[in-house]
Amino acid sequence: MIARRALLAAAAAAAMWGAVAGISPARAGQDILIGGGSVTGVYYQVALHVCNLVNKHGGGKYNCVGRPALGSVFNIRAVERTLLDFGVAQSDRNFEAYNGKSDWDGKPMADLRSVFSMHPETVLLVTRADTGIDGVADLKGKTVNIGNPGSGQRGNAEDVLRIYGIDKEADIKVQGLQQQEASRALIDRKIDAFFYTVGNPSAAIEEPATSTDIKILSINSAAIKAFVAERPYYVMTTIPGGTYNGVADGVETYAVTATVVTNANASDDMVYDVVKTVFEHLDELKAAHAAFRVLDPAAMLKGLSAPFHPGAERYYKERGWL
Ligand code: GLU
């Protein structure tokens with residue numbers, strides 16, 4: 001009896017751990033793996049909830065697993081190597097990958113394919129109220145997390161620092177932590193500020209906002225506005241006051257779009273089935289996270305740099321959207 005109970009407890013713990021780690025119990029069906037971001041970000045929620053829809057409404061055809069991952073650059077590279085079936089990635093990083101720029105300089109990813117856009121993401125610069133940092137220029141001499149190398153925000157942080165005339169080697173102490181660690185490091189006073197490009201609200205900002213006094217700084221100089229105006233995948237935006245505890249006023253910054261991408265080699269039927277499931281149960285997806293409330297089919301077909309995957313295109317044509 002005791003042995004049996006111990007066994008059941010172990011099984012329950014394993015099931016719970018599976019749920020926490022985003023691993024579904026083994027099931028028959030074709031495996032689909034979607035890569036997200038840090039567990040406190042919104043990409044992980046995209047990966048989890050798209051998989052939930054596919055597992056729930058897919059008639060047992062698929063076993064979809066949404067897992068935490070290192071962010072946009074990592075996801076695009078993993079999709080390229082077919083280690084992930086789908087990745088969540090920023091629209092600016094897609095543009096660079098498909099056109100062979102920045103991290104993909106001279107090595108365009110010709111097989112990158114768009115599936116759909118998701119929520120808008122803002123380029124955030126977050127500090128504690130007690131650091132004396134009131135604007136990007138005040139970062140000089142401070143310890144600043146610019147994001148782990150696989151993240152999408154790292155490129156945004158580098159752009160912002162450069163545009164504000166801050167030399168990342170000489171003027172600041174750079175950290176490259178993953179976001180879940182960066183939020184804690186800000187609370188623990190190990191860093192003075194972090195950059196993060198994320199949908200709102202994000203647990204990565206809620207965590208420091210509820211345990212210490214934070215500030216979110218504007219990124220809206222004339223040079224930033226010119227930089228944004230020259231690029232189709234950026235737009236100026238304002239994070240409404242009250243989005244985060246203690247941040248009463250709106251904050252002006254710029255935004256990108258989170259997108260779901262795949263590889264040209266992914267099966268047309270599989271991509272079609274995933275896309276159809278998402279759009280036929282969009283209300284369920286919109287209700288799954290506050291950042292998803294704004295989702296709307298017309299906008300979800302925009303903001304994409306790579307061509308549509310043929311499986312996605314087939315569904316959009318059937319709906320008369322293309
Ligand atoms: N935009 C971030 C990145 O590309 C991830 C944000 C999130 O996880 O929600 O790395």
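Throughout, numbering of the chain's residues begins at 1 and tracks the sequence. One-based numbering, in listed order, for ligands and for the atoms of each.
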(message) Just to confirm my output: which protein heavy-atom neighbour is closest to atom 4 (O) of ligand 1, and how far is it?
(response) S72 OG, 2.4 Å
(request) Could you list which atoms of ligand 1 come closer than 4.0 Å to a heavy atom of G71? (result) 10 (O)
(message) Under 4.0 Å, heavy-atom basis, I'd like to know which part of E121 is in contact with ligand 1: side chain, backbone, both or neither.
(response) side chain
(message) Under a 4.0 angstrom heavy-atom cut-off, which atoms of ligand 1 come close to T197?
(response) 1 (N), 2 (C), 5 (C), 6 (C)
(request) Using distance alone, with no hydrogens and no angle criterion, decide if E121 and T197 have a side-chain donor and acceptor under 3.5 Å apart. (result) no
(message) Using a 3.5 Å cut-off on N or O atoms only, is Q90 in polar contact with ligand 1?
(response) yes
(message) So, taking the atom named OH in Y98 and the one named CG in L112, what distance separates them when rounded to the nearest 0.5 Å?
(response) 8.0 Å
(request) Any atoms of ligand 1 less than 4.0 Å from a non-hydrogen atom of Q153? List them with their elements. (result) 2 (C), 3 (C), 10 (O)
(message) I'd like to know whether the aromatic ring centres of F227 and Y234 sit less than 6.0 Å apart in this structure.
(response) yes
(request) Can you pull out the closest protein heavy atom to atom 9 (O) of ligand 1? Residue, atom name and distance to 0.1 Å, please. (result) V42 N, 2.6 Å
(message) Distance under 4.0 Å to a non-hydrogen atom of Y196: what atoms of ligand 1 satisfy this?
(response) 6 (C), 7 (C), 8 (O), 9 (O)
(message) Below the 3.5 angstrom mark, is there an N/O of Y44, backbone or side chain, next to an N/O of ligand 1?
(response) no
(request) Identify which one of Q175, R189, K190 satisfies the side chain to side chain contact (heavy atoms under 4.5 Å, CB included) criterion when paired with T143. (result) Q175
(request) With Y62 as reference, evaluate D85, N55, D31, D273 under the side chain to side chain donor-acceptor pair (under 3.5 Å) test and give the passing residue. (result) D273
(request) May I ask you to check if ligand 1 and S151 share an N or O to N or O distance below 3.5 Å? (result) no
(message) Polar contacts were defined as any N/O atom of the residue lying under 3.5 Å from an N/O atom of the ligand; does this apply to G152 and ligand 1?
(response) yes
(request) Measure from the ring center of F308 to the ring center of W321 and say whether it is less than 6.0 Å. (result) no
(message) For W104, does the six-membered ring have the charged nitrogen or CZ of R93 within the cation-pi criterion, i.e. under 6.0 angstrom from the centroid and within 45° of the normal?
(response) no
(message) Can a side-chain donor-acceptor contact be found between T259 and N94 if the only test is distance below 3.5 angstrom?
(response) yes
